[in-house]
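Everything numeric in this text was worked out from a predicted model, so none of it was measured. Proteins come first, then strands; the chains are lettered A, B, ... in the order of their sequence lines, and each starts at number 1.
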Number of protein chains: 2
Amino acid sequence: MTISEVSQKYGISADTLRYYEKAGLIPPVNRKENGIRDYTETDCGWVEFIKCMREAGLSIEMLTQYIALYAKGNRTLQKRKDLLITERDRLKARIHKMQQTLKRLNYKISVYEERIVACEKKLLK
Amino acid sequence: MTISEVSQKYGISADTLRYYEKAGLIPPVNRKENGIRDYTETDCGWVEFIKCMREAGLSIEMLTQYIALYAKGNRTLQKRKDLLITERDRLKARIHKMQQTLKRLNYKISVYEERIVACEKKLLK
DNA sequence: GTAATACTTGGAGTTGGCTCCAAGTCAAGC
DNA sequence: GCTTGACTTGGAGCCAACTCCAAGTATTAC
């Protein structure tokens with residue numbers, strides 16, 4: 001798969017895909033003899049994974065660390081797991097906070113609803 | 001309340017508090033005769049509100065719009081409500097996505113657990 | 001009265017995360 | 001064989017959201 005096809009498939013610009021690779025966010029992508037990127041299924045899998053993690057707010061720095069550990073092989077299993085746990089807990093906390101804020105917004109919206117109804121009644125008098 | 005007290009109270013730097021005010025993220029803060037900020041309860045309420053919304057990922061641009069509408073008084077009630085609804089829906093969608101990612105991380109962590117256990121068994125043999 | 005401290009402002013600098021650009025290479029179509 | 005178009009690279013530029021800085025003023029402590 002070419003970079004533009006992968007770009008299409010995941011809705012990530014080719015520039016960003018190259019940036020992710022250069023920054024070590026995904027392992028080096030497979031190349032054709034002439035040096036042009038030719039994404040394998042595995043490469044695509046990494047792209048999809050990183051897209052998902054980025055959208056959830058995990059930092060590029062952390063994901064880079066994770067990939068660096070991955071590249072070092074089996075002896076980093078525990079470290080990788082620890083990293084994921086840290087990020088999982090952070091994500092959990094963020095979600096919790098956002099849920100509180102969601103409730104608050106819903107409440108605020110309901111208050112606006114009441115106020116708007118009250119205003120309309122006043123105008124009808 | 002002085003800016004540094006408010007900074008302490010909410011864990012927001014004085015610079016950021018000034019930036020928020022200048023950018024129109026919070027209505028102009030009460031001042032003493034000499035021009036020094038003297039946050040009222042209401043001012044603090046706004047700070048707390050904006051802190052909450054920023055932490056949930058609402059953009060400065062959107063919050064600025066909201067405050068601008070607020071400053072125009074009652075005739076912007078409907079618009080403000082609409083703005084809040086848009087942001088509420090966005091927030092909901094983000095939370096949903098993050099929950100999916102949370103599940104994925106949890107699954108990944110469990111896979112690591114198994115692999116680590118398997119590795120340890122191998123070593124004991 | 002003067003030194004220290006906490007504030008004021010406008011504006012420059014920084015960071016994270018892209019996004020764009022110039023210059024070059026290569027394969028395909030005419 | 002030459003143009004077109006998709007790719008390559010390194011590096012510059014951009015945007016959101018702060019963060020820092022210099023120069024100045026006001027209050028308090030001695």
Side-chain angles (χ1 to χ4, degrees), chain A residues 1-26 28-40 43-44 46-68 87 90-91 94 97 101, chain B residues 1-26 28-40 43-44 46-47 49-68 87 90-91 94 97-98 101:
Chain A
M1 251 184 148
T2 68
I3 198 165
S4 55
E5 282 164 345
V6 177
S7 165
Q8 275 283 88
K9 184 168 179 186
Y10 295 107
I12 301 175
S13 78
D15 269 320
T16 300
L17 285 170
R18 285 191 209 99
Y19 166 70
Y20 280 177
E21 188 180 350
K22 191 153 70 173
L25 249 128
I26 50 173
V29 169
N30 181 50
R31 306 280 181 133
K32 287 195 270 191
E33 335 68 51
N34 56 16
I36 289 182
R37 288 176 184 80
D38 184 20
Y39 289 75
T40 62
D43 293 327
C44 282
W46 281 111
V47 169
E48 191 276 329
F49 173 67
I50 253 58
K51 180 191 162 138
C52 181
M53 295 302 137
R54 286 291 305 130
E55 282 176 357
L58 278 71
S59 76
I60 284 185
E61 196 193 350
M62 174 271 150
L63 292 167
T64 301
Q65 268 182 54
Y66 179 76
I67 298 297
E87 292 305 312
R90 259 191 213 152
L91 181 56
R94 276 210 306 281
K97 209 140 215 260
T101 304
Chain B
M1 253 184 144
T2 68
I3 198 166
S4 54
E5 282 164 346
V6 177
S7 166
Q8 276 283 88
K9 184 169 179 184
Y10 295 107
I12 302 174
S13 78
D15 270 318
T16 300
L17 285 170
R18 285 189 211 100
Y19 166 70
Y20 280 177
E21 187 180 351
K22 192 153 70 174
L25 248 129
I26 50 174
V29 168
N30 182 49
R31 307 279 183 133
K32 286 195 272 191
E33 335 68 52
N34 56 15
I36 288 180
R37 287 174 183 81
D38 184 20
Y39 289 75
T40 62
D43 293 326
C44 284
W46 281 110
V47 169
F49 172 68
I50 254 60
K51 179 192 163 136
C52 181
M53 296 301 135
R54 286 292 302 131
E55 283 176 357
L58 278 73
S59 76
I60 285 187
E61 197 193 349
M62 174 269 150
L63 292 167
T64 300
Q65 267 182 54
Y66 180 76
I67 298 299
E87 293 304 314
R90 261 190 211 151
L91 181 56
R94 277 211 304 281
K97 211 145 213 257
M98 288 164 87
T101 304

Rounded distance in Å - [atom1] ([X]) to [atom2] ([N]):
| X | N | atom1 | atom2 | result |
| --- | --- | --- | --- | --- |
| Met1(A) | dA6(D) | CE | P | 16 Å |
| Glu55(A) | dG16(C) | CD | P | 21 Å |
| Gln8(A) | dA6(D) | CD | P | 12 Å |
| Met62(B) | dC15(D) | CE | P | 22 Å |
| Asp38(B) | dC7(C) | CG | C1' | 12 Å |
| Lys32(A) | dA27(C) | NZ | P | 9 Å |
| Glu5(B) | dT5(C) | CD | P | 18 Å |
| Asn30(A) | dC7(D) | CG | C1' | 15 Å |

Would you say Glu55(A) has more than 12 foreign heavy atoms packed within less than 6.0 Å of its CD?
yes
A quick test of your reading: do over 12 heavy atoms of other residues, nucleotides or ligands sit less than 6.0 Å from CD of Glu5(B)?
yes
Run Leu58(B) and Tyr66(B) through side-chain contact (heavy atoms from CB on, under 4.5 Å) and show every step you take.
CA-CA 11 Å; Leu58(B) 278 73; Tyr66(B) 180 76; over 6 Å; no
Please determine which of Asn30(B), Ile3(B), Leu17(B) meets the side chain to side chain contact (heavy atoms under 4.5 Å, CB included) test together with Arg37(B).
Ile3(B)
Using the side chain to side chain contact (heavy atoms under 4.5 Å, CB included) definition, which of the options Asp43(A), Val47(A), Thr40(A), Val6(A) pairs with Val29(A)?
Asp43(A)
One pair to check against salt bridge (Lys or Arg N to Asp or Glu O under 4.0 Å): Lys51(A) and Glu48(A). What are the steps and the verdict?
CA-CA 5 Å; Lys51(A) 180 191 162 138; Glu48(A) 191 276 329; over 6 Å; no
Side chains of Tyr20(B) and Arg54(B), heavy atoms from C-beta outward: is any pair under 4.5 Å?
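They are in contact (side-chain heavy atoms under 4.5 Å apart), so the answer is yes.
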Using a strict heavy-atom distance below 4.0 Å, which residues from residues 10-25 of chain A are in contact with DNA chain D?
Arg18(A), Lys22(A)
Taking the basic N atoms (NZ, or NE/NH1/NH2) and the acidic carboxylate oxygens, is any pair closer than 4.0 Å for Arg18(A) and Glu21(A)?
no
Please report the end-to-end axis angle for the helix from dG1(C)-dC30(D) to dC30(C)-dG1(D), five pairs per end, rounded to 10 degrees.
10°
Apply side-chain contact (heavy atoms from CB on, under 4.5 Å) to Tyr19(A) and Ser13(A), showing your working.
CA-CA 10 Å; Tyr19(A) 166 70; Ser13(A) 78; over 6 Å; no
Side-chain N or O of Arg37(B) less than 4.0 angstrom from OP1 or OP2 on dC7(C)?
no
With a 4.0 Å limit, can you tell me whether Thr2(A) has a side-chain N or O closer than that to the phosphate oxygens OP1/OP2 of dC7(D)?
yes
Restricting both atoms to N or O, compile the protein contacts to nucleotides 25-29 of chain D shorter than 3.5 Å, with distance only.
from: dT27(D); atom 1: OP1; to: Asn34(B); atom 2: ND2; distance (Å): 3.4

Using atom types as modelled and distance alone, determine if a side-chain donor or acceptor of Arg94(A) lies under 3.5 Å from a backbone N or O of Ala56(A).
yes
Hey, does the side chain of Asp38(B) reach the backbone of Met1(B) with a donor-acceptor pair shorter than 3.5 angstrom?
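Flag set: sc Asp38(B) to bb Met1(B) pair under 3.5 Å.
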